[in-house]
Visitor: 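Quick one: the structure is below, questions incoming.
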Amino acid sequence: MLDVTATAEIADDTRARANVVRLAAAQALTGANSAVIFATGSIVGATLAPDMSLATVPLSMYVLGLAAGTLPTGAISRRFGRRAAFVIGTGLGTLTGLLGSFAILHASFALFCIATFLGGLYGAVAQSYRFAAADGASAAYRPKAVSWVMAGGVFAGVLGPQLVQWTMDVWQPYLFAFSFLVQAAVALVAMGIVAGVDMPKPAAADLHGGRPLLDIVTQPRFIAAALCGVIAYPMMNLVMTSAPLAMKLCGLSVSDSNFGIQWHIVAMYGPSFFTGALIARFGAPKVVAAGLLLEAGAAGIGLSGITAMHFWATLIVLGVGWNFSFIGASALVLETHRPQERNKVQAFNDFLVFGMMAIGSFSSGQLLANYGWSAVNMVVFPPVVLGLAVLSLASWARRRKARLDAAMGEFPDAI
């Protein structure tokens with residue numbers, strides 16, 4: 001029986017590895033799409049918006065799209081399979097580029113916001129790549145699968161900002177218009193890649209099986225995982241979306257901004273080559289804690305100066321912190337559900353993360369415009385402290401339960 005189980009796990013991991021290659025490539029191309037939006041969104045917004053305080057609204061609309069797309073992505077995946085959701089997402093990515101280019105050419109702030117919202121829907125689908133990589137994999141391979149798919153974002157960090165750098169002046173005086181047209185082409189390439197992912201439709205039993213969602217999400221382990229994700233991603237997004245405009249207001253060039261965003265994205269995804277191994281060695285809670293501390297450290301660097309080097313260092317440390325905290329939190333989520341519960345639990349987790357990120361994102365423009373870059377960085381510290389406290393409590397509760405279970409096993413008559 002053990003040999004049969006081991007053989008089945010090897011077969012599942014072989015298929016999972018093949019999917020990881022495709023999903024990592026799709027992650028790279030999708031990340032390039034989002035990199036275009038983050039590198040240009042606040043600058044285009046400042047050009048098209050009727051008021052400077054609305055400059056980051058296009059980026060907030062992207063985040064709103066992320067939040068709005070998470071539950072539908074889970075529902076489509078649950079009903080028709082993950083591959084169908086992936087193809088729909090890349091189609092939305094193509095529309096993002098086409099509409100974004102049209103909006104810039106016609107100086108329409110409203111249309112540009114709609115385009116970035118569609119980009120957020122595409123991003124919501126892409127967020128499920130990391131969980132899809134773990135489908136059917138053995139427990140030992142799951143953190144590595146998540147980590148390797150996220151590593152695809154390293155190439156996004158190079159491709160996205162360079163794509164902007166190469167194309168931003170092609171259609172003068174319409175800055176970035178051609179960049180969005182190329183973004184549409186990149187999304188079409190991603191569609192061809194995800195169409196080949198080997199993920200069959202869910203079995204009929206999986207559509208209705210599993211525990212009620214409320215029972216799952218009230219577990220201390222899930223609460224800690226979701227809260228740390230809610231803190232790690234929105235805090236990173238707050239600083240990242242404000243940085244390009246803050247750099248411009250500090251007299252730095254668009255090239256400086258592109259360079260900072262490029263290395264930020266590399267820092268976000270580069271550690272993924274070994275984050276899974278760190279989780280396997282030290283446990284997800286310790287990796288999450290290290291990530292949150294790094295995000296706080298990035299905010300500290302941001303408070304220490306406004307030179308290009310300060311901005312670049314802030315964005316790089318912020319990226320590494322996000323990688324540890326977000327991948328670690330995702331690994332914790334995988335420990336809280338059964339296979340038939342995965343789509344609804346993962347979608348709900350992402351809804352919490354990106355819903356909170358959307359709320360915070362709409363205030364980032366006001367925060368930067370009214371209180372400055374220092375205020376943006378100061379906001380990071382209280383949530384990080386809260387996340388570390390809740391993570392510590394959840395880990396303590398888990399250890400206490402393990403000790404009680406061991407005591408009951410050794411002295412069954414004691415209770």
Visitor: Counting only N and O atoms by type, is there a donor-acceptor contact under 3.5 Å from the side chain of Trp322 to the main-chain atoms of Leu292?
Guide: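 Side chain of Trp322 to backbone of Leu292, a donor-acceptor pair under 3.5 Å: no, none is there.
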Visitor: Side chains of Val87 and Met191: does their closest heavy-atom pair fall under 4.5 Å?
Guide: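 Val87 vs Met191: side chains touch.
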Visitor: Testing the basics here: between Ala296 and Val384, what is the closest heavy-atom pair and its distance to 0.1 Å?
Guide: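 Here Ala296 and Val384 meet closest at CB-CG1, 4.2 Å.
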Visitor: Can you list every ring-ring contact (aromatic ring centres under 6.0 Å, His included) pair that touches residues 30-67, not counting sequence neighbours?
Guide: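 As it turns out, the ring-ring contact (aromatic ring centres under 6.0 Å, His included) pairs with a partner in residues 30-67, which skip direct neighbours, are Phe38-Tyr62.
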Visitor: Just to verify, what does Ser255 make a side-chain contact (heavy atoms from CB on, under 4.5 Å) with, not counting sequence neighbours?
Guide: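 So Ser255 forms a side-chain contact (heavy atoms from CB on, under 4.5 Å) with Gln165, Ser253.
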Visitor: How close do Leu238 and Leu367 get, heavy atom to heavy atom, and via which atoms?
Guide: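 Closest approach of Leu238 to Leu367: CD1-CD2, 4.3 Å.
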Visitor: Hey, what do you get for CH2 (Trp148) to CG (Asn19), rounding to the nearest 0.5 Å?
Guide: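 Going from CH2 on Trp148 over to CG on Asn19, the span is 16.0 Å.
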Visitor: Would you check, one step at a time, whether the test side chain to side chain contact (heavy atoms under 4.5 Å, CB included) holds for Ser304 with His310?
Guide: CA-CA 7 Å; Ser304 66; His310 283 95; 3.2 Å; yes
Visitor: For the backbone of Gly97 and the side chain of Ser101, can you confirm whether one donor and one acceptor N or O come within less than 3.5 Å of each other?
Guide: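 Such a contact is absent between Ser101 side chain and Gly97 backbone.
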Visitor: Evaluate the side-chain proximity of Leu303 to Met378: yes if any heavy-atom separation is below 4.5 Å, no if none is.
Guide: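 Yes, at least one pair of side-chain atoms sits under 4.5 Å.
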Visitor: Donor-acceptor check, side chain of Gln27 to backbone of Met150, threshold 3.5 angstrom: yes or no?
Guide: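 A pair under 3.5 Å: no.
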Visitor: For residues 371-393, pull every pair meeting ring-ring contact (aromatic ring centres under 6.0 Å, His included), keeping only residues two or more places apart or in separate chains.
Guide: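 Sorted pair list: Phe311-Trp373.
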Visitor: Aromatic ring centroids of Phe180 and Phe102 under 6.0 Å?
Guide: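 Ring centroids of Phe180 and Phe102 are no less than 6.0 Å from each other.
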Visitor: Would you say Ser108's side chain and Leu111's backbone share a donor-acceptor pair under 3.5 angstrom?
Guide: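 Side chain of Ser108 to backbone of Leu111: a pair is present.
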Visitor: Indicate yes or no: at least one non-hydrogen side-chain atom of Leu163 is less than 4.5 angstrom from one of Met168.
Guide: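 Counting from C-beta outward, Leu163 and Met168 never come under 4.5 Å.
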Visitor: Considering non-hydrogen atoms only, spot the tightest contact between Leu245 and Ala46 and give its length.
Guide: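 Smallest interatomic distance, heavy atoms only, reads CD1-CB, 4.5 Å.
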Visitor: Among pairs that include at least one residue of residues 337-358, which meet ring-ring contact (aromatic ring centres under 6.0 Å, His included), considering only residues two or more places apart or in two chains?
Guide: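 Output for this query lists Tyr233-Phe354.
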Visitor: Which heavy atom in Ile301 sits nearest to a heavy atom in Ala313, and how many Å separate them?
Guide: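 The pair with the smallest heavy-atom distance is CG2-CB, 3.9 Å.
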Visitor: Ignoring hydrogens and geometry beyond distance, is a side-chain donor-acceptor pair present between Thr96 and Tyr122 at under 3.5 Å?
Guide: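 No, Tyr122 and Thr96 have no side-chain donor paired with an acceptor closer than 3.5 Å.
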Visitor: Provide the full list of side chain to side chain donor-acceptor pair (under 3.5 Å) pairs with a residue in residues 216-227, sequence neighbours left out, each pair given once.
Guide: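 Those involving residues 216-227 are Arg221-Glu335.
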Visitor: Spell out, as yes or no, whether a donor-acceptor pair under 3.5 Å connects the side chain of Arg22 to the backbone of Ile193.
Guide: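 It does hold such a pair.
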Visitor: Determine the minimum heavy-atom distance between Gly93 and Asn33, stating which atoms define it.
Guide: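 Scanning both residues completely, I find the closest heavy atoms to be O-OD1, 4.2 Å.
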Visitor: Has the side chain of Ser242 got a donor or acceptor atom that lies under 3.5 Å from a matching backbone atom of Val239?
Guide: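 Between the backbone of Val239 and the side chain of Ser242 there is no qualifying donor-acceptor contact (under 3.5 Å).
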Visitor: I'd like to know if the side chain of Ser128 reaches the main chain of Val125, judged simply by a donor and an acceptor atom lying under 3.5 Å from each other, with no hydrogens or angles considered.
Guide: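 Yes, because the side chain of Ser128 sits within donor-acceptor range (under 3.5 Å) of the backbone of Val125.
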Visitor: Got more than 12 heavy atoms from elsewhere within 6.0 Å of CG, Leu98?
Guide: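 Above 12, so yes.
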Visitor: Would Leu332 and Leu391 satisfy side chain to side chain contact (heavy atoms under 4.5 Å, CB included), going step by step from the backbone distance to the final call?
Guide: CA-CA 11 Å; Leu332 281 176; Leu391 187 65; 4.2 Å; yes
Visitor: With the side chain counted from C-beta on, respond yes when Trp263 and Leu315 share a heavy-atom pair under 4.5 Å apart, and no when they do not.
Guide: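 No - every pair of side-chain heavy atoms lies 4.5 Å or more apart.
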Visitor: Quick one: does Leu318's side chain get under 4.5 Å of His264's, heavy atoms only?
Guide: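 Yes - at least one pair of side-chain heavy atoms lies under 4.5 Å apart.
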Visitor: Mind checking the CG-NE2 spacing from Leu48 to His106? Nearest 0.5 Å is all I need.
Guide: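 Leu48 atom CG to His106 atom NE2 measures 12.5 Å (nearest 0.5 Å).
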Visitor: Which atoms form the tightest heavy-atom contact between Ala299 and Val380, and what is the distance?
Guide: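 Closest heavy-atom pair between Ala299 and Val380: CB-CB, 3.9 Å.
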Visitor: What distance do Ile37 atom CD1 and Phe112 atom CZ have between them, rounded to the nearest 0.5 Å?
Guide: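 Those atoms lie 7.5 Å apart.
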Visitor: Can you find a pair of side-chain heavy atoms, one from Ile327 and one from Val146, that are under 4.5 Å apart?
Guide: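 Of all side-chain heavy-atom pairs linking Val146 with Ile327, at least one is under 4.5 Å.
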Visitor: What verdict does the side chain to side chain contact (heavy atoms under 4.5 Å, CB included) test give for Trp171 and Leu181, after you've listed the backbone C-alpha separation in whole Å, the side-chain angles of each residue and the deciding distance to 0.1 Å?
Guide: CA-CA 11 Å; Trp171 283 350; Leu181 191 63; 3.6 Å; yes
Visitor: Side chain of Ser77, backbone of Gly74: donor and acceptor closer than 3.5 Å?
Guide: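 No, the answer is negative, given that no donor and acceptor are paired below the 3.5 Å cut-off.
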Visitor: Kindly indicate whether the side chain of Ile76, heavy atoms from C-beta on, has any atom under 4.5 Å from the side chain of Arg82.
Guide: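 Answer no - side chains too far apart.
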Visitor: Using the side chain to side chain contact (heavy atoms under 4.5 Å, CB included) rule, take Thr336 and Val345 through it: C-alpha gap first, then chi angles, then the decisive distance, then the call.
Guide: CA-CA 9 Å; Thr336 65; Val345 175; 4.2 Å; yes
Visitor: Nearest 0.5 Å, what's the CD1-CG distance between Ile231 and Leu388?
Guide: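 So the gap between those two atoms works out to 8.0 Å.
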Visitor: For the residue pair Phe324 and Leu293, establish whether any side-chain heavy-atom pair is separated by less than 4.5 Å.
Guide: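 No; the side chains remain at least 4.5 Å from each other.
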Visitor: Can you tell me how far apart OG1 (Thr307) and CG (Leu252) are? Round to the nearest 0.5 Å.
Guide: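 Separation between the atoms: 8.0 Å.
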Visitor: Please indicate whether Tyr174 has more than 12 foreign heavy atoms, meaning atoms of other residues, nucleotides or ligands, lying under 6.0 Å from its OH.
Guide: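 Incorrect, the count does not exceed 12.
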Visitor: Would you give the length of the straight line joining atom CD of Glu295 to atom CE of Met236, rounded to the nearest 0.5 angstrom?
Guide: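 Rounded to the nearest 0.5 Å, the CD-CE separation comes out at 7.5 Å.
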Visitor: Under 3.5 Å, is there a donor-acceptor pair between the side chain of Ser325 and the main chain of Val288?
Guide: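 Such a contact is absent between Ser325 side chain and Val288 backbone.
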Visitor: May I have the list of side-chain donor-acceptor pairs in residues 271-279 shorter than 3.5 Å, sequence neighbours left out?
Guide:
{"from": "Ser272", "atom 1": "OG", "to": "Tyr269", "atom 2": "O", "distance (Å)": "3.0"}
{"from": "Ser272", "atom 1": "OG", "to": "Asn323", "atom 2": "ND2", "distance (Å)": "2.8"}
{"from": "Thr275", "atom 1": "OG1", "to": "Pro271", "atom 2": "O", "distance (Å)": "2.7"}
{"from": "Thr275", "atom 1": "OG1", "to": "Asn323", "atom 2": "OD1", "distance (Å)": "2.6"}

